[in-house]
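All chains are named by letter (A, B, ...) in the order of the sequence lines, taking the proteins before the strands, and each is independently numbered beginning at 1.
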2 protein chains.
Amino acid sequence: MRDPVRRAMEICPIEVGVAVAGGDWKMTTVSKLAPGPLRFGELQREVGPVSAKTLTRQLRALETDGVVIRTVYAEVPPRVTYELTEAGMALADIADQLGSWGKKYVGDPADSELRSG
Amino acid sequence: MRDPVRRAMEICPIEVGVAVAGGDWKMTTVSKLAPGPLRFGELQREVGPVSAKTLTRQLRALETDGVVIRTVYAEVPPRVTYELTEAGMALADIADQLGSWGKKYVGDPADSELRSG
DNA sequence: CTGCATCCATTAGGATACTG
DNA sequence: CAGTATCCTAATGGATGCAG
């Protein structure tokens with residue numbers, strides 16, 4: 001388990017979630033993996049303008065935290081797939097709800113009123 | 001609207017949510033405000049070991065993004081309260097779900113199995 | 001009480017070039 | 001194809017001290 005997560009455990013469950021799923025691209029990554037396993041390259045294209053380095057690091061963190069499973073196939077050319085654990089699927093639900101919230105936040109015509117009170 | 005949010009709008013709704021609600025303490029802050037308005041000091045005690053500076057900045061960002069409303073009372077000693085907008089209340093629901101996820105993530109005895117697949 | 005100013009250490013994340 | 005190595009900048013968040 002990563003240190004930020006361990007520290008968050010001392011504080012509150014919400015911060016645990018933030019420690020695991022916070023940071024750019026993680027929530028989107030988990031959401032994109034919800035329908036099924038994807039290869040690294042596919043995932044990178046789906047997620048958006050994320051650098052390979054950053055996506056790799058986020059995936060490694062998610063793997064360490066038990067959210068995704070990384071599978072390496074001994075083939076040429078190399079193939080690596082990522083899929084969600086059960087915890088990851090539960091997180092994907094929340095990611096999608098955050099997406100719904102974001103969609104409404106951006107697009108709702110009543111937004112100005114919504115945001116001012 | 002803050003730049004990170006504007007940038008996220010070009011990408012995907014989930015990243016909009018992350019841009020608005022990501023970062024330490026923001027989700028917890030929103031959750032603590034769900035029952036009703038709180039003063040700055042009350043909020044700081046409720047949220048946890050967050051510095052005044054950081055909490056202030058997060059609250060300003062949340063205010064700019066239309067998630068909380070900041071009210072200053074012309075009194076001595078000064079009194080400032082924070083309360084959620086409608087968008088903030090919707091976000092609080094998601095924060096609580098993330099908290100439930102984190103609680104299960106931390107406490108579920110089947111965690112090791114859950115996290116390994 | 002609220003919260004700004006300043007300084008500081010750590011981290012996040014992108015760009016580029018390179019490897020098995 | 002799926003990364004890793006290196007360098008870089010900007011942002012994050014805490015500590016302390018001061019102010020209205």
Heavy atoms only, 4.0 Å cut-off, all strands: where does [X] land among base, sugar-phosphate and nothing?
X: Arg39(B); result: sugar-phosphate
X: Glu42(B); result: nothing
X: Tyr73(B); result: nothing

d([atom1], [X]; [atom2], [N]) in whole Å:
X: Arg45(B); N: dT2(C); atom1: CZ; atom2: C1'; answer: 12 Å
X: Gln44(A); N: dA2(D); atom1: CD; atom2: C1'; answer: 10 Å
X: Arg57(B); N: dT6(C); atom1: CZ; atom2: P; answer: 14 Å
X: Leu43(A); N: dC1(D); atom1: CG; atom2: P; answer: 15 Å
X: Asp24(B); N: dT12(D); atom1: CG; atom2: C1'; answer: 8 Å
X: Leu55(B); N: dT12(D); atom1: CG; atom2: P; answer: 15 Å
X: Gln58(A); N: dT11(C); atom1: CD; atom2: P; answer: 14 Å
X: Arg60(B); N: dG13(D); atom1: CZ; atom2: P; answer: 16 Å

Contact summary for [X] and [Y], nearest pair of heavy atoms:
X: Gly66(B); Y: Ala87(B); answer: O-CB, 3.9 Å
X: Ala34(B); Y: Ala92(B); answer: CB-CB, 3.9 Å
X: Thr28(A); Y: Cys12(B); answer: OG1-SG, 3.5 Å
X: Gln44(B); Y: Val50(B); answer: NE2-O, 3.0 Å
X: Val20(A); Y: Leu62(A); answer: O-CD2, 3.8 Å

The answer to which of Thr54(A) and Arg7(A) contacts DNA chain C further toward the 5' end, by nearest nucleotide, is Arg7(A)
inquiry  = If you compare every side-chain N and O of Arg70(B) against the phosphate oxygens of dG3(C) (OP1, OP2), does one of them come in below 4.0 Å?
reply    = yes
**Asked** Can you check whether Tyr82(B) has a side-chain N or O nearer than 4.0 Å to OP1 or OP2 of dT2(C)?
**Response** no
Query - Heavy-atom check, side chain of Ile11(B) versus side chain of Val16(B), under 4.5 Å - result: no
With 3.5 Å as the limit, what N/O pairs link the protein to nucleotides 17-20 of chain C?
none

Quick note, ring-ring contact (aromatic ring centres under 6.0 Å, His included) partners involving residues 79-104 of chain A, not counting sequence neighbours, are Trp101(A)-Tyr105(A)
With the side chain defined as heavy atoms from C-beta on, Phe40(A) is closest, among dG13(D), dA2(D), dG3(C), to dA2(D)
